[in-house]
Protein chains: 2
Amino acid sequence: MPDFKDNGRTYYNPVEYAMHQIGGTWKMPILWRLNKQTMRYSELKKYLPHISHKMLTTQLRELEHNGFVTRTVFPVVPPKVEYTLTDKGRRAIPVIATIRQYGMDLMREAGIDPDEVFKRKT
Amino acid sequence: MPDFKDNGRTYYNPVEYAMHQIGGTWKMPILWRLNKQTMRYSELKKYLPHISHKMLTTQLRELEHNGFVTRTVFPVVPPKVEYTLTDKGRRAIPVIATIRQYGMDLMREAGIDPDEVFKRKT
DNA sequence: CGGAATCCGGGCCGATACTG
DNA sequence: CAGTATCGGCCCGGATTCCG
C-alpha cells in the first residue's frame, strides 16, 4: 500500500493508522474500562493503578482529540470531570475485544491460565 | 485483572501481553506479508521500504524468539535466509485482519478512501 | 546477502512541584 | 480533584561500519 497522510503525519498502511490512534500501552485499557461505564478521572486512575498521573492525562487528551471520548467538566469545587465513550469509541470495542481474546489465547499457550489470574485478589 | 509474569516481565492485562508480542510499528506488517508467502530477507525488505536494516533484523529476531516465524539458513554463498510463518504466526493473522479492517474504517471516517490509496502507484 | 556492533540523538514517560 | 510545567533518565531506532 502506498503511503497517505492524515493531520500532517504520514502512514504506510491501515494497521499503522489504527495503532496510532488506539495503540500504545494505555489507550486500549482506558477505552475498555470506559466502555463498562462513564467514569471520572480519579475512578479511572483507581482502576489503572500502574499508569502515572501525567500519562493518564496525556492519553485522555489524545483520545478526546481523536474523538474517542468526551470530557465533561462540572463547575463545582472540588473539580469533577467525567469521561465518556463516543460512538467512535464504542466502535473500537469489538477490535479491543478481539485483541484481548487473542492475548488470553497466547497466555494459555504460554502455560498461564487467565481464569486463574482473574481469580487472584492480589 | 491482577498482574502476571512471563519470561521475567510483568504484564497487567491480556491486551498488553498480546501487544508486546505483535505490537509496535513493524511486527504486524511483517507477519501480514509473510502470510502471503515465505520470503527471504531482501524480499521482505523490498516490500517494507521504510523499515531500516537494523529494525527488520531485530523485529525478525523477536518474532522468531516468540515462535511466530521460523528462520531457515541455506548454506550457500552469498547467504540465503528464508522466513516462514509458524502455526502460531498464522493464528495471529485473523487478529491483524481485524485491526487492518478497523484501520480502513477509520480512514473512511477521516475522509480518506483506502481503495483510492491502494490504486495509486507512487 | 544477511547480520552484529557501535555510536548517538530524540522522544517517551516517570517523578516532582505548583495551580485553581 | 484535576490539570499543567519542568526536569531528566532511559530506551527506541537510525546511520554507519565491519564481518563471514
Side-chain angles (χ1 to χ4, degrees), chain A residues 3 7-13 15-16 19-30 33-34 37-66 69-84, chain B residues 3 7-13 15-16 19-30 33-34 37-66 69-84:
Chain A
D3 55 303
N7 235 299
R9 197 179 191 287
T10 304
Y11 301 90
Y12 299 105
N13 56 65
V15 170
E16 183 186 0
M19 283 303 97
H20 190 251
Q21 303 203 39
I22 64 167
T25 307
W26 299 111
K27 293 211 175 72
M28 287 194 266
I30 290 170
R33 181 54 69 176
L34 286 180
Q37 64 181 99
T38 292
M39 290 174 53
R40 54 192 298 187
Y41 180 91
S42 49
E43 289 178 283
L44 204 45
K45 183 82 179 67
K46 189 174 58 183
Y47 282 110
L48 301 169
H50 303 286
I51 194 173
S52 72
H53 179 39
K54 177 183 173 181
M55 278 309 291
L56 182 50
T57 304
T58 309
Q59 299 300 302
L60 284 170
R61 279 296 162 287
E62 291 176 18
L63 288 172
E64 184 193 8
H65 179 256
N66 288 322
V69 306
T70 54
R71 179 169 176 272
T72 310
V73 181
F74 295 85
V76 297
V77 285
K80 175 179 171 179
V81 180
E82 280 191 348
Y83 291 92
T84 307
Chain B
D3 55 303
N7 235 300
R9 197 179 191 287
T10 304
Y11 300 91
Y12 299 106
N13 56 65
V15 171
E16 183 186 0
M19 284 302 97
H20 191 252
Q21 303 202 39
I22 64 167
T25 307
W26 298 111
K27 292 210 176 74
M28 287 193 265
I30 291 171
R33 182 53 68 176
L34 287 180
Q37 63 180 100
T38 292
M39 289 174 55
R40 55 192 296 186
Y41 181 90
S42 49
E43 289 179 284
L44 206 43
K45 182 83 178 68
K46 189 175 59 185
Y47 282 110
L48 301 168
H50 304 286
I51 193 172
S52 71
H53 180 38
K54 176 184 175 181
M55 279 309 290
L56 183 50
T57 304
T58 55
Q59 299 301 301
L60 285 169
R61 281 294 162 286
E62 291 176 20
L63 289 172
E64 184 193 7
H65 179 257
N66 288 322
V69 306
T70 54
R71 180 168 174 271
T72 310
V73 181
F74 294 85
V76 297
V77 285
K80 175 179 171 180
V81 181
E82 281 190 350
Y83 291 92
T84 308

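A note on names: the letters A, B, ... follow the listed sequences, proteins ahead of strands, and every chain is numbered from 1. The shown structure was predicted, so the numbers you read here are calculated from the model rather than taken from an experiment.
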For the pair made of [atom1] in [X] and [atom2] in [N], what is the distance, rounded to whole Å?
| X | N | atom1 | atom2 | result |
| --- | --- | --- | --- | --- |
| Q59(B) | dA4(C) | CD | P | 14 Å |
| E62(B) | dC12(D) | CD | C1' | 11 Å |
| Y83(B) | dG2(C) | OH | C1' | 7 Å |
| L60(A) | dT4(D) | CG | P | 11 Å |
| K46(B) | dC1(C) | NZ | P | 12 Å |
| L56(A) | dC1(D) | CG | C1' | 13 Å |
| L48(B) | dG13(D) | CG | P | 15 Å |
| K27(B) | dG13(D) | NZ | P | 9 Å |

According to a strict under-4.0 Å criterion, is R40(A) in side-chain N/O contact with OP1 or OP2 of dA2(D)?
yes
So, does T58(A) get its side chain near the phosphate of dC13(C), meaning an N or O under 4.0 Å from OP1 or OP2?
no
For the [atom1] atom of [X] and the [atom2] atom of [Y], what is their distance to the nearest 0.5 Å?
| X | Y | atom1 | atom2 | answer |
| --- | --- | --- | --- | --- |
| T84(B) | R40(B) | OG1 | CZ | 13.0 Å |
| L60(B) | R71(B) | CG | CZ | 9.0 Å |
| R9(B) | D3(B) | CZ | CG | 12.0 Å |
| L63(A) | T70(A) | CG | OG1 | 11.5 Å |

Who passes side-chain hydrogen bond (donor to acceptor under 3.5 Å, both in side chains) against E82(A), sequence neighbours left out?
none
Residue set satisfying side-chain hydrogen bond (donor to acceptor under 3.5 Å, both in side chains) with Y12(A), at least two apart, ordered chain then number -> none
Axis-to-axis angle across the helix from dC1(C)-dG20(D) to dG20(C)-dC1(D), five pairs an end, to 10 degrees?
30°
Looking only at heavy atoms, what is the nearest atom pair of M39(B) and L44(B), with distance?
CE-N, 3.2 Å
Testing the basics here: between Q21(A) and K27(A), what is the closest heavy-atom pair and its distance to 0.1 Å?
O-CD, 3.1 Å
Taking the minimum atom-to-atom distance to the side chain of M55(A), which one of dG14(C), dG3(D), dG13(D) wins?
dG14(C)
Closest to the side chain of T57(B), out of dA2(D), dG2(C), dG3(C), is dG3(C)
Could you check whether any side-chain heavy atom of Q37(A) comes within less than 4.5 Å of a side-chain heavy atom of L34(A), counting everything from C-beta outward?
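Of all side-chain heavy-atom pairs linking L34(A) with Q37(A), none is under 4.5 Å.
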Protein heavy-atom contacts under 4.0 Å, written 5' to 3' over nucleotides 15-20 of chain D as B (base), S (sugar-phosphate only) or - (none), form the string B----B
Give every donor-acceptor pair under 3.5 Å between a side-chain atom in residues 46-56 of chain A and any protein atom, sequence neighbours left out.
unit_1	atom_1	unit_2	atom_2	d
S52(A)	OG	M55(A)	N	3.2
H53(A)	ND1	Y41(A)	OH	2.4

Ion pair present between R33(A) and E43(A), side-chain N to carboxylate O less than 4.0 angstrom?
no
Would you say N13(A)'s side chain and V15(A)'s backbone share a donor-acceptor pair under 3.5 angstrom?
yes
Can you pull out the residues from residues 69-76 of chain B that lie within a 4.0 Å heavy-atom distance of DNA chain C?
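Nucleic-acid contacts, sorted: R71(B).
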